[in-house]
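Notes for the one structure printed next.
Every heavy atom of this structure was used, including side-chain atoms; hydrogens, water molecules and symmetry mates were not. Note that ligands are numbered from 1 as they come in the structure, with each ligand's atoms numbered from 1 the same way. Residue numbers run from 1 in the order of the sequence given.
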Amino acid sequence: PLRLDIKRRLTARSDRVKSVDLHPTEPWMLASLYNGSVCVWNHETQVTQRSRYINDMLIKLWDWDKKWSCSQVFEGHTHYVMQIVINPKDNNQFASASLDRTIKVWQLGSSSPNFTLEGHEKGVNCIDYYSGGDKPYLISGADDRQVKIWDYQNKTCVQTLEGHAQNVSCVSFHPELPIIITGSEDGTVRIWHSSTYRLESTLNYGMERVWCVCGLRGSNNVALGYDEGSIIIKVGREEPAMSMDTNGKIIWAKHSEIQQANLNAMGDAEIKDGERLPLAVKDMGSCEIYPQTIQHNPNGRFVVVCGDGEYIIYTAMALRNKSFGSAQEFAWAHDSSEYAIRESNSIVKIFKNFKEKKSFKPDFGAEGIYGGFLLGVRSVNGLAFYDWENTDMIRRIEIQPKHIFWSDSGELVCIATEESFFILRYMSEKVAASQENNEGVTEDGIEDAFEVQGEIQEIVKTGLWVGDCFIYTSSVNRLNYYVGGEIVTIAHLDRTMYLLGYIPKDDRLYLGDKELNIVSYSLLVSVLEYQTAVMRRDFGMADKVLPTIPKEQRTRVAHFLEKQGFKQQALAVSTDPEHRFELALQLGELKIAYQLAVEAESEQKWKQLAELAISKCQFGLAQECLHHAQDYGGLLLLATASGNATMVGKLAEGAEKDGKNNVAFMTYFLQGK
Ligand SMILES: *[C@@H]1O[C@H](CO)[C@@H](O)[C@H](O)[C@H]1NC(C)=O
Ligand SMILES: *[C@@H]1O[C@H](CO)[C@@H](O)[C@H](O)[C@H]1NC(C)=O
Ligand SMILES: *[C@@H]1O[C@H](CO)[C@@H](O)[C@H](O)[C@H]1NC(C)=O
Ligand SMILES: *[C@@H]1O[C@H](CO)[C@@H](O)[C@H](O)[C@H]1NC(C)=O
Ligand SMILES: *[C@@H]1O[C@H](CO)[C@@H](O)[C@H](O)[C@H]1NC(C)=O
Ligand SMILES: *[C@@H]1O[C@H](CO)[C@@H](O)[C@H](O)[C@H]1NC(C)=O
């Protein structure tokens with residue numbers, strides 16, 4: 001505990017205080033009240049320094065370049081002005097809400113209003129402009145408990161939203177999502193669809209009256225202010241609706257517009273890891289639903305767009321609709337012509353070639369579905385995998401998955417949960433055998449269907465498989481890959497990025513962010529293949545892959561081998577003389593170490609090698625090394641300890657010539673000279 005001392009310095013009683021501020025140098029507090037009073041309190045003397053009434057039905061323009069002088073006054077409202085907002089598409093225009101029941105739209109430079117919008121039956125508290133490009137709309141909230149949407153070009157009320165049980169105190173068009181957020185003195189925040197005007201949800205956090213809402217561009221966070229505090233909520237999916245096919249065509253949704261970017265159209269510009277790619281963006285048309293997710297099918301010919309409880313399958317090339325329907329969720333099968341939809345919490349339907357093939361009720365309900373090699377269905381009881389072909393239940397696993405990622409071969413699957421991820425191997429032969437002879441089958445399916453390869457305590461955000469390597473972005477913004485129990489970090493990302501795919505011909509991974517920026521990182525598949533082979537102890541395969549690994553990557557691979565305990569292989573693979581010398585010493589490979597020492601001509605290496613030679617009783621070699629290292633002390637020790645008079649004699653001469661008088665004296669003395 002901090003044990004902070006807290007004392008009350010000033011209590012100034014009044015009606016609702018809307019804002020307070022402290023003076024940076026004077027002992028003053030400024031408080032502005034709901035009724036229009038502004039007063040400055042001195043908290044040392046406890047008296048009002050100054051008080052002023054400023055809710056004077058006027059709007060004033062202050063110029064901070066001219067010492068905050070008032071450069072214009074806008075007159076026209078006949079009651080208090082509650083809020084003004086500047087038009088985001090035209091900074092010379094603003095709108096005001098007033099308790100005189102009107103909304104007025106003004107131009108800077110003209111002191112009288114450009115026009116007035118009338119329709120509310122009581123005072124208007126709040127207004128907001130729609131920031132999207134497609135509609136010239138204003139929204140207002142009033143004490144008549146209504147919210148109105150206005151077209152400010154033809155000056156008509158387009159829609160009235162009813163539902164609040166008390167004065168509406170704040171309104172906001174969300175800058176990203178197709179929603180209108182309104183707050184009221186009835187204590188609720190209501191979320192409405194901004195195109196259909198349907199009430200999507202009513203939030204009541206029991207914090208008394210709502211006063212303000214604020215959505216942030218590029219984010220799902222919305223801040224709410226109440227009588228009793230403030231709250232931040234996250235609305236909708238964070239992950240952007242975008243998908244890439246295997247040829248590098250990316251499709252994404254910007255609000256409800258579908259756009260395409262093509263990696264192949266980038267030309268020969270040099271690409272650096274983590275740098276934003278200069279992509280040309282092509283409009284493909286708008287979607288009839290607000291896309292929450294977009295996903296290509298495995299062969300890339302179709303994309304499915306999901307949102308608002310609906311799905312539409314389009315041709316990826318021209319965005320022509322091929323099929324649509326209502327569904328809670330959609331999942332592509334491994335086979336490009338098949339998919340499943342979750343119709344409700346109990347019914348799952350499988351389609352082939354856009355025709356319904358089967359509808360079934362999973363035993364414990366369907367809270368979520370997952371595509372890929374097997375159809376995954378999540379229920380409160382866990383996860384069940386089904387065969388796409390005949391909807392036979394293959395295996396039930398007690399786990400609550402968030403994502404499931406199948407490798408292309410269908411041999412490996414990653415099941416990611418809220419806390420960690422599991423890598424499982426799918427034993428298709430054992431499954432086939434069990435299905436044949438009906439052995440090893442329990443009520444939870446085929447016991448031997450999966451073999452756990454590992455569990456890693458990391459939260460996977462997005463992932464994909466390249467061969468046997470699982471590549472993923474983690475909750476701490478790392479781009480990692482997992483191969484055979486080993487985790488390698490490819491990059492530390494500076495923000496949340498979502499994996500789009502891997503393009504083998506570029507040897508690059510592509511990722512996108514919420515603002516639809518695309519970046520890439522190089523990934524050498526030959527290295528991944530080699531590492532996979534090493535982890536499987538399949539050195540035959542590793543040797544086959546090795547020639548495809550670029551020379552400059554060999555040392556990286558060698559370090560990986562060394563880490564796995566394969567030093568001999570590491571020595572064979574490494575191209576870095578330093579690394580090779582280290583490995584040769586560790587392995588006692590005198591010949592290789594000698595060769596490297598000769599090439600390096602480094603005293604340090606000769607010394608290290610001499611030590612190794614001595615430990616191996618290779619005195620001839622040790623002597624040579626010590627000579628190269630000009631280590632006279634070492635030579636003296638070696639010569640005397642081995643009792644080699646010839647050597648002592650030679651050393652005496654050499655030392656004298658080199659001016660090493662101590663060693664020269666000692667050696668002559670020992671010889672009686
Ligand atoms: C506003 O309220 C304060 C304190 O509650 C009061 O002193 C002041 O006279 C009021 N002003 C108006 C204009 O009603
Ligand atoms: C409103 O502003 C527009 C654009 O400045 C102008 O063309 C129009 O005449 C103005 N209308 C009125 C009533 O002032
Ligand atoms: C004004 O424009 C809206 C579309 O923004 C349209 O629905 C409405 O009918 C128009 N009203 C008039 C009077 O033209
Ligand atoms: C709503 O506004 C009116 C003024 O129009 C006010 O008298 C009333 O107290 C307000 N309602 C609440 C719950 O504060
Ligand atoms: C699909 O396209 C047809 C015309 O080709 C159109 O009538 C229909 O509204 C479209 N449906 C959806 C959901 O896009
Ligand atoms: C003694 O040292 C000389 C060179 O200094 C070497 O040629 C000789 O082989 C050594 N003798 C023995 C027995 O190691």
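The side-chain heavy atoms of Phe581 and His579, taken from C-beta on, include no pair separated by under 4.5 Å.
The distance from ligand 4 to the heavy atoms of Asp143 drops below 4.0 Å at these ligand atoms: 2 (O), 4 (C), 5 (O). Annotation for ligand 4: atoms under 4.0 Å from non-hydrogen atoms of Arg209 are 14 (O). Remark: ligand 6 atoms within the under-4.0 Å shell around heavy atoms of Lys650 are 5 (O). Near Tyr137, meaning under 4.0 Å from any of its heavy atoms, are these atoms of ligand 3: 4 (C), 5 (O). The Glu185 neighbourhood of ligand 4 comprises atoms 10 (C), 11 (N), 12 (C), 13 (C), 14 (O), with distances under 4.0 Å to a heavy atom of that residue.
Residues Tyr197 and Trp192 keep their aromatic ring centres 6.0 Å or farther apart. Between Phe173 and Tyr137, the ring centre distance reaches or exceeds 6.0 Å.
Among protein heavy atoms, atom 7 (O) of ligand 3 sits closest to Val158 CG1, 4.5 Å. Protein heavy atom nearest atom 4 (C) of ligand 3, with residue, atom name and distance: Asp151 OD2, 3.5 Å. Here the heavy atom of the protein found nearest to atom 11 (N) of ligand 3 is Asn154 ND2, 2.9 Å. Of all protein heavy atoms, the one lying nearest to atom 5 (O) of ligand 6 is Gln623 NE2, 2.9 Å.
Nearest residue to atom 3 (C) of ligand 4 from Asp186, Val168, Asn125, Asn167 is Asn167 (criterion: closest heavy atom).
For the pair Lys135 and Tyr130, the cation-pi criterion (under 6.0 Å, within 45° of the ring axis) is fulfilled. Taking the ring centre of Phe115 as origin, the terminal cationic atom of Lys155 falls inside the region bounded by 6.0 Å and 45° from the ring axis.
Between the side chains of Tyr311 and Glu329, no donor-acceptor pair is found at a separation under 3.5 Å.
Taking a 6.0 Å sphere around NZ of Lys89, one finds it holds more than 12 heavy atoms contributed by other residues, nucleotides or ligands.
Of the possible polar contacts, one joining the Thr667 side chain to the Ala664 backbone as a donor-acceptor pair under 3.5 Å is found.
For atom 9 (O) of ligand 4, the protein comes within 4.0 Å by no heavy atom at all.
The shortest N/O to N/O separation between Lys122 and ligand 4 does not fall below 3.5 Å. Between Asn644 and ligand 6, at least one N/O pair is under 3.5 Å apart.
Nearest heavy atom pair, residue Ser184 against residue His164, reads CB-ND1, 3.2 Å.
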